[in-house]
Amino acid sequence: MNHGTCSGLCQVKYFNTTMNHFLATPSIVRENYGGSVLKKELLDAYGGNVVLVCSGGRYLMEVRTCVGKSFDGTAFKSVECIPQVQQEGNCGNIIQITKFYSDSSNDESGKKDGEGFERSVDFTKEFLSDHQQ
């Protein structure tokens, strides 16, 4: 199953929609970048309505959210994920927030921790807005 197949949207509209509903990164992630957090604290920081997916049950890979559709098929608000999506959450009680290799202290670009990720999100938004159908 691919992400967004149930939306009925073309790829560009689907990705634009996901970017419009993009979750802000809570401060607990930035404060513990390269460290670990308790699962409950991370869920609380996201407002509880997310599914956490980890590699090896420990290393945070994804934070999934579900978005409801209005009668015309457009996304309108965050909703509780269905049980099948909730079951995909596989993180243990302690979650590692791993640094990106480009954000290591040996990086000569002068970027602060986490800045590489934030720049990639900005680039993706710009790319998608330039390539709308």
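Only this structure's heavy atoms are used, side chains among them; waters, hydrogens and symmetry mates stay out. Note that the structure is predicted; figures quoted are calculated from it, not measured.
Of all non-hydrogen atoms in C81 and T65, the two that sit nearest each other are SG-C, 4.0 Å. Listed here is the closest heavy atom pair of S55 and M61: CB-SD, 3.2 Å. Between Y46 and A24, the shortest heavy-atom contact is CE2-O, 3.7 Å. Residues L60 and E62 share a closest heavy-atom pair of CD1-O, 3.6 Å. Contact record, T98 with Y59: OG1-CD2, 3.4 Å, taken as the closest heavy-atom pair.
A donor-acceptor pair under 3.5 Å links the side-chain atoms of N90 to the main chain of C54, judged by distance alone. Although no hydrogens or angles enter the test, the distance criterion places no donor-acceptor pair under 3.5 Å between the side chain of R64 and the main chain of V53.
When each of V85, V50, N49 is checked for a side chain to side chain contact (heavy atoms under 4.5 Å, CB included) with C66, only V85 meets the rule.
Rounding to the nearest 0.5 angstrom, the gap separating the CG atom in L52 from the CD1 atom in I95 is 5.0 Å. Atom CD1 of I28 and atom CG of D44 lie 8.5 Å apart (nearest 0.5 Å). Here the straight-line distance linking atom CD of E41 with atom NZ of K39 works out to 13.5 Å at 0.5 Å rounding.
With a 6.0 Å radius and a threshold of 12 heavy atoms from other residues, nucleotides or ligands, E80 has its CD atom at or below the threshold. Shown here is L38, whose CG atom has more than 12 heavy atoms of other residues, nucleotides or ligands within 6.0 Å.
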Side chain to side chain contact (heavy atoms under 4.5 Å, CB included) between V29 and V37: does it pass, once the steps are laid out?
-> CA-CA 8 Å; V29 174; V37 297; over 6 Å; no
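Both I82 and V51 are assigned to one and the same hydrophobic cluster, defined by single-linkage of ILVMFWY side chains at heavy-atom distances under 4.5 Å.
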